[in-house]
Amino acid sequence: HHGRLNPLPKDFSFSSMTTPMMIRNWFIGDMRQHIPPMCTLDSKNVMFISRGNSLRSKMIAFMRIVEKEARAKDVWIEKISDWDNRSVTKMWDAIKADFMGKYGNTKRKKELAWTTVYNNMSKQNAFENRRKKANN
């Protein structure tokens, strides 16, 4: 569809996801909806989605911070194909308290959308803008 072979359904759109849902979809995807792991998508796969590449870039930045936290807790798995539901759950359980303590502070008591957590990361300069550092 959209002039090329694409692993995403032609009516796909990024739906709102909590932080754990985002992490699970990053590594595993959603078999019921025929969605591959988000980490396997490249910019050409999401071009047909409004703001698709922008959202994909935010996901990549978000997952870099997740990886950093998971490495610090020694629960990161290098090989993408080795991630499964059990390992994602184990990783999230290990990092959740510190991760949400750093980036999940809001007045809401419900599970936060990953985009809210991403915005908190950005406010805290968690992405460490390399250009800013080089100019200082």
Side-chain angles (χ1 to χ4, degrees):
H1 60 86
H2 295 89
R4 61 180 22 131
L5 185 61
N6 196 320
L8 295 172
K10 66 180 174 184
D11 61 346
F12 178 82
S13 65
F14 288 110
S15 60
S16 180
M17 296 179 272
T18 63
T19 296
M21 287 168 65
M22 163 54 190
I23 294 169
R24 185 170 313 284
N25 282 324
W26 183 257
F27 290 115
I28 300 170
D30 187 338
M31 300 247 191
R32 285 180 303 191
Q33 295 185 21
H34 307 290
I35 308 299
M38 300 286 182
C39 66
T40 63
L41 301 177
D42 67 25
S43 59
K44 292 178 183 93
N45 300 133
V46 297
M47 283 175 28
F48 71 96
I49 303 166
S50 175
R51 298 186 345 251
N53 276 318
S54 172
L55 206 49
R56 181 181 162 275
S57 293
K58 288 179 180 181
M59 289 177 171
I60 291 168
F62 178 89
M63 288 306 298
R64 282 190 188 123
I65 303 301
V66 170
E67 178 180 350
K68 182 178 171 183
E69 297 288 325
R71 284 184 186 280
K73 299 278 186 184
D74 201 30
V75 288
W76 184 254
I77 298 173
E78 290 296 329
K79 195 172 177 190
I80 295 293
S81 61
D82 288 345
W83 286 95
D84 58 20
N85 277 311
R86 199 170 119 248
S87 57
V88 170
T89 300
K90 178 183 173 186
M91 185 266 293
W92 178 240
D93 288 346
I95 71 167
K96 180 180 181 177
D98 288 341
F99 186 84
M100 294 308 285
K102 287 180 191 174
Y103 309 115
N105 291 330
T106 66
K107 293 177 182 165
R108 290 183 57 209
K109 298 294 180 202
K110 290 170 63 175
E111 194 73 57
L112 298 175
W114 78 270
T115 51
T116 301
V117 176
Y118 172 89
N119 291 337
N120 289 345
M121 291 172 164
S122 187
K123 287 176 191 169
Q124 295 178 34
N125 198 27
F127 305 118
E128 300 175 6
N129 188 328
R130 289 185 185 102
R131 284 187 217 143
K132 276 187 186 176
K133 280 187 174 182
N135 293 333
N136 289 344

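The first residue in the sequence is number 1, and the count goes up from there.
- With rounding to the nearest 0.5 angstrom, the CE atom of M38 is 5.5 Å from the CZ atom of F14.
- Taking CD of E69 as the start and CG of D98 as the end, the distance is 6.5 Å to the nearest 0.5 Å.
- Between Y103 and I65 there is a side-chain heavy-atom pair separated by less than 4.5 Å.
- In this pair, W92 and F99 present their aromatic rings perpendicular. The plane angle is above 60°, beyond the 30 to 60° band.
- In this structure, D84 CG and I77 CD1 are separated by 7.0 Å, a value rounded to the nearest 0.5 Å.
- Considering all non-hydrogen atoms of both residues, F48 and K10 come closest at CE1-O, 3.5 Å.
- In this structure the side chain of W26 never reaches within 4.5 angstrom of the side chain of M17, judged on heavy atoms.
- Side-chain atoms of C39 and M63, non-hydrogen and from C-beta on, never get closer than 4.5 Å to each other.
- Side-chain atoms of N45 and P7, non-hydrogen and from C-beta on, do get closer than 4.5 Å to each other.
- Taking all atoms of both residues into account, the shortest heavy-atom contact from L8 to P36 is CD2-CD, 3.9 Å.
- Here the shortest heavy-atom pairing between N53 and V46 reads OD1-CG2, 3.2 Å.
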Could you walk me through whether K44 and N6 pass the side-chain contact (heavy atoms from CB on, under 4.5 Å) test, one step at a time?
-> CA-CA 8 Å; K44 292 178 183 93; N6 196 320; over 6 Å; no
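- Rounded to the nearest 0.5 Å, atoms CE (M21) and OG (S16) are 7.0 Å apart.
- Salt bridge present: R71 and E78 bring a charged side-chain N and a carboxylate O closer than 4.0 Å.
- Between M100 and V117, some side-chain heavy-atom pair lies under the 4.5 Å cut-off.
- Counting non-hydrogen atoms of neighbouring residues, nucleotides and ligands closer than 6.0 angstrom, the CG atom of D74 reaches no more than 12 such neighbours.
- Inter-residue side-chain proximity for Q33 and P9 is flagged as unmet; no heavy-atom pair is nearer than 4.5 Å.
- When side chains are defined from C-beta on, V66 counts as touching I95, because their heavy atoms get closer than 4.5 Å.
- Although no hydrogens or angles enter the test, the distance criterion places a donor-acceptor pair under 3.5 Å between the side chain of T40 and the main chain of P37.
- Expressed to the nearest 0.5 Å, how far CH2 of W114 lies from CG of N119 amounts to 9.0 Å.
- Note that the CE atom of M91 and the CD1 atom of I23 stand 5.0 Å from one another [nearest 0.5 Å].
- Linking Ile, Leu, Val, Met, Phe, Trp and Tyr whenever their side-chain heavy atoms come within less than 4.5 Å leaves I49 and M47 in two separate clusters.
- Residues T89 and R24 meet the side-chain proximity criterion, which asks for heavy atoms closer than 4.5 Å.
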